[in-house]
Amino acid sequence: MDLLSSLGLQNDLPEQSTRLSHPGVLKALNNDDDARIGFNCCCNCGTTLLVSGVDDSADVVKQTKSKKQSGKFVTCMGCKRVRYCSDACCKADAEATPPTISSDADETACGHSPVICSLLRLCNDDEDAEGELYDDDDGKSQWNKKKKMTPQQERAKEASKYRVQTERESYPATLFNILAEGPGWFMEAITRRVRYLEDPRSPEVVTERRGKRDRMSNSPKKPIGAGSREKDLVIHIVGASVDSELWGWKGRSDNANDAPVLEAYAEASTNILAYLKSFPILLDSVRLVFVGPDCQASCKCEVPIPDSKSTLIIETHQCNYGEESQYDSASSLPPADCIVFFNPGFSCPDYNWTKALETAATPTKIGNQFGCGTPFLVTTNTEMEGFADIKCLLDMGCIDAKNVPGDVLEAVDHSARHTDGEDTTFFFNENPYAGLRVRQSGTMANDFTVKLGSKEETSQRSSKSPHSKLLRVCSARNANPHFAAIEAELLRLDWKEAMDALVSDWQKDGRWDNLLELENNVRNYVDKNLPYLSLSFEDEDEMYDRTDGGMHSMKLVDRIRLDHFPYETIISGAVKHAISGDVILIPSQIKDSDLEMQKIMAELYERISMLSNAGKLLDTMTNFELESGPEDETTWTAHRTACSNCYRLVVSGWFLLWRRLREANKQMIEESEASEVLKATSAIDIHPEEEIYVWSNKWIDFCTLRREVEGEESEDELTLLGGIAQKDKALMMGVSKMMSLSEKASVEARAAELNKQIELLFR
């Protein structure tokens with residue numbers, strides 16, 4: 001269990017912990033714009049601290065070793081990150097009950113409680129880990145002081161490194177995943193220019209077609225210009241800096257492929273490319289334009305995007321957004337399809353975003369016409385900062401109140417209101433791709449932030465997927481798959497609860513292909529995190545008694561796989577849905593289906609495909625025990641019973657679908673023309689008459705022990721181990737009888753063979 005779980009924080013970090021009800025704290029905040037509670041003011045009473053000539057940043061506070069420093073202030077001896085004017089104030093801030101002088105009866109902040117102090121010590125660990133990871137160690141890291149660390153300290157160090165890495169990787173993950181997973185209107189707005197270039201009526205495409213005809217003729221023609229434009233998606237990242245969005249990159253293009261930041265952005269961009277293929281929109285390149293005074297000097301480089309023919313182009317401009325011409329007369333930014341602000345702090349008086357927001361609000365030109373404003377994405381560290389930025393954007397007129405949902409307007413105390421259900425081009429919610437690193441606030445010493453913790457998008461609102469944690473850790477695109485189990489711990493992920501909820505939701509939506517992909521991802525997750533996951537399965541005799549399922553007979557990795565993926569539940573649901581669930585056909589399946597019979601056939605083929613996927617999962621489920629090594633073949637276990645139950649369902653499913661398909665074929669032959677019959681029947685590549693024979697044999701082989709008997713006329717002996725009851729004889733005889741009615745000689749022969757096995761089994 002990680003520190004956050006051990007502290008009993010469940011799913012949320014305390015966002016507001018610094019007590020503001022003390023009159024002295026309120027006075028300090030009202031009279032001094034530079035007041036920083038717990039840094040240059042006492043965290044309990046607000047008294048100004050004598051920190052002249054002393055760096056009062058959080059990094060230096062934690063390095064204070066003595067209890068006092070020249071009599072100027074007192075520092076918490078636990079975390080060394082919070083300052084007070086006296087020992088009495090230090091003790092008062094740690095008390096569970098706020099002081100009696102509190103003027104706010106609704107005070108809920110916990111002050112510098114043991115939980116807060118522990119979290120601040122976690123910040124110390126992360127800062128030390130960051131220095132070691134990125135060669136920024138000042139020699140004062142606690143890791144350097146320990147010649148030999150205990151296993152617990154080693155795990156703490158690895159966890160710290162992982163949290164730091166997830167914070168940096170949260171930038172590309174948030175950028176591309178949120179764009180790809182946003183509501184339909186948002187993606188439509190982002191791809192407006194790209195779709196215009198693909199519109200056959202647009203002047204650019206007409207010119208390109210004309211150019212192709214000219215090149216095919218023998219007459220020499222001028223090179224094609226506008227008609228050869230590449231399709232690129234341009235994203236502006238405003239206010240970018242070397243330390244945040246461009247971590248680890250020195251701005252060199254000669255070794256671009258070796259830079260982790262470029263690889264991270266290239267890998268993350270595959271998500272949006274895969275999403276756009278379904279439209280279909282094929283991009284030549286994704287172009288990221290980083291702009292900011294703390295950015296790298298102007299440079300540009302290209303890297304290939306994995307598993308695609310597209311290219312990622314990264315360029316930087318060291319200037320303020322909208323003022324690039326003042327820095328470089330030759331510099332010009334390409335038109336943006338989307339503008340991104342990572343933690344801008346619109347409401348902070350220290351920053352001036354007026355020019356940048358004016359530039360972002362300028363309508364974009366598409367073809368010969370000006371379109372709507374450019375859609376943009378904004379992230380903030382906390383929900384409170386998010387509301388503050390929204391209010392600031394509303395007050396500045398950068399967004400229209402009619403585009404903001406009513407509950408958000410109410411939260412920011414705006415006068416405009418919407419009726420429930422009214423469409424808006426805005427959404428505001430928690431960011432599921434935020435990093436795991438916890439940071440101390442720079443203004444309130446007992447408060448915390450997580451970079452990119454919330455997001456708002458504008459240009460209907462989308463809520464965070466309740467399964468985002470589970471899908472994140474077992475994703476095939478997880479940048480650190482070997483640390484995914486540690487990440488699950490840090491996210492306080494209840495795997496069973498999350499998996500049960502996800503399976504229930506996806507079954508309702510009929511997402512059986514996604515469940516099949518999920519099973520593969522979970523298997524990879526277990527394989528790559530086996531050393532860490534196996535710690536929970538060390539005491540095998542206690543976990544799995546021989547009389548309780550015989551799980552001892554399986555490999556450890558197989559037991560963990562079964563513990564992480566509910567095979568029987570999903571297989572049962574898939575079979576039942578294939579038999580009687582609703583099937584929704586996509587347009588490509590019915591576009592040529594003018595006849596009702598062809599629609600019926602298309603629906604049947606979809607059900608056959610669902611049942612086939614259930615069979616793939618069953619094959620994986622049964623192989624766990626079969627590949628587990630030497631064991632008593634006559635031992636029947638609870639796992640084998642579960643597998644047999646699934647076999648029964650699959651065989652029943654193929655029996656019903658084959659009978660339904662035979663009836664549909666018969667009706668089609670009577671009502672349709674030969675060409676229509678041929679067209680409908682040639683589309684299927686999975687044949688129920690073959691599947692039902694295969695699965696019946698698999699079921700029998702799984703539940704029996706076969707012994708060959710010598711002699712030409714002797715028949716093999718079958719010993720039933722379990723799983724098949726007398727009531728199953730009717731199902732098997734029905735399968736055999738239906739197969740015997742087939743006009744195919746091969747199917748009739750198989751029916752006779754299956755009938756012999758049934759007689760041996762039930763004699």
Side-chain angles (χ1 to χ4, degrees), residues 499-520 522-523 561-562 565-585 589 600-626 638-664 684-703 722-725 727-739 754:
M499 179 62 75
D500 289 346
L502 183 145
V503 169
S504 177
D505 287 350
W506 282 12
Q507 284 183 333
K508 292 176 183 177
D509 297 337
R511 299 176 61 177
W512 304 108
D513 289 339
N514 294 120
L515 285 169
L516 196 64
E517 180 183 359
L518 177 65
E519 190 274 336
N520 183 66
V522 170
R523 265 193 294 128
R561 286 173 183 168
L562 285 173
F565 195 80
Y567 286 91
E568 185 176 10
T569 300
I570 295 174
I571 293 171
S572 301
V575 173
K576 293 175 182 177
H577 194 277
I579 296 172
S580 59
D582 294 332
V583 174
I584 300 176
L585 301 177
Q589 293 175 294
I600 294 175
M601 296 298 287
E603 179 184 318
L604 270 173
Y605 297 160
E606 189 67 19
R607 295 184 185 279
I608 288 171
S609 178
M610 291 181 194
L611 192 54
S612 176
N613 285 339
K616 293 176 182 178
L617 287 178
L618 180 53
D619 278 338
T620 303
M621 180 181 178
T622 55
N623 283 336
F624 284 164
E625 191 161 8
L626 295 177
H639 173 64
R640 287 193 174 217
T641 299
C643 291
S644 180
N645 292 338
C646 292
Y647 272 121
R648 182 182 295 106
L649 285 171
V650 170
V651 171
S652 301
W654 284 119
F655 178 80
L656 294 173
L657 289 185
W658 186 25
R659 188 171 64 180
R660 199 178 303 179
L661 182 62
R662 284 169 56 91
E663 294 172 354
I684 188 171
D685 55 358
I686 303 173
H687 303 283
E689 68 269 22
E690 296 179 3
E691 294 293 323
I692 196 171
Y693 172 76
V694 170
W695 285 102
S696 296
N697 271 290
K698 284 185 177 182
W699 187 18
I700 294 174
D701 290 343
F702 184 82
C703 296
I724 297 178
K727 61 181 180 181
D728 295 322
K729 182 177 181 180
L731 171 61
M732 292 188 174
M733 292 300 296
V735 171
S736 175
K737 183 176 180 180
M738 182 173 289
M739 291 178 64
L754 179 61

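- Here the closest heavy-atom approach between residue Ser644 and residue Gly723 is recorded as OG-O, 2.7 Å.
- Distance CZ/Arg561 to OG1/Thr620: 9.0 Å, rounded to 0.5 Å.
- In this structure a side-chain-to-backbone donor-acceptor pair under 3.5 Å is present from Gln507 to Thr569.
- Rounded to the nearest 0.5 angstrom, Glu517 CD and Asn520 CG are separated by 7.5 Å.
- The shortest distance between side-chain heavy atoms of Leu515 and Leu617 does not fall below 4.5 Å.
- The CG atom of Asn613 sits 11.5 Å away from atom CD of Glu519, with the distance rounded to the nearest 0.5 Å.
- One N or O on the side chain of Asp728 and one on the backbone of Ala725 form a donor-acceptor pair closer than 3.5 Å.
- Checked by atom type and distance alone, the side chain of Ser696 pairs as donor or acceptor with a backbone atom of Ile692 at under 3.5 Å.
- Contact detail for Leu604 and Ala664: the closest heavy-atom pair is CD1-CB, 3.8 Å.
- Here the CG-NE2 distance, from Leu661 to His687, works out to 10.0 Å after rounding to the nearest 0.5 Å.
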Requested in this report: Please lay out, stage by stage, how Ile608 and Trp654 fare under the test side chain to side chain contact (heavy atoms under 4.5 Å, CB included).
Outcome: CA-CA 8 Å; Ile608 288 171; Trp654 284 119; 3.7 Å; yes
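- Minimum interatomic distance between Met621 and Ala642 (heavy atoms only, all atoms of both residues): CE-CB, 3.8 Å.
- A donor-acceptor pair is defined here as one N or O able to donate and one able to accept, closer than 3.5 Å; no such pair exists between the side chain of Arg511 and the backbone of Asp505.
- Judged purely by atom type and a 3.5 angstrom limit, Ser572 uses its side chain to pair as donor or acceptor with the backbone of Glu568.
- Side-chain contact between Met610 and Ile579: absent, with no pair of heavy atoms (C-beta onward) separated by less than 4.5 Å.
- Between atom OH of residue Tyr647 and atom CD1 of residue Ile571 there is a gap of 9.5 Å, rounded to the nearest 0.5 Å.
- One distance of note links CD of Glu691 with CG of Leu611; it measures 8.0 Å at 0.5 Å rounding.
- Within a 6.0 Å sphere centred on NZ of Lys576, heavy atoms belonging to other residues, nucleotides or ligands number 12 at most.
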Query raised in the report: When you look at Arg659 and Leu656, which way does the side chain to side chain contact (heavy atoms under 4.5 Å, CB included) test go after all the steps?
Result: CA-CA 5 Å; Arg659 188 171 64 180; Leu656 294 173; 3.5 Å; yes
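- Looking at Ser652, its side chain does come within 3.5 Å of a backbone N or O of Arg648 through a donor-acceptor pair.
- Formation of a donor-acceptor pair under 3.5 Å by the Ser609 side chain with backbone atoms of Tyr605 is not found in this model.
- Counting only heavy atoms from C-beta outward, the side chains of Val650 and Lys698 never approach each other to under 4.5 Å.
- Counting all heavy atoms, side chain and backbone alike, Ile570 lies closest to Phe565 at CD1-CZ, 3.2 Å.
- Here the closest heavy-atom approach between residue Val503 and residue Pro566 is recorded as CG2-CG, 3.9 Å.
- Looking at every heavy atom in both residues, Leu754 comes nearest to Val735 through CD2-CG1, 3.8 Å.
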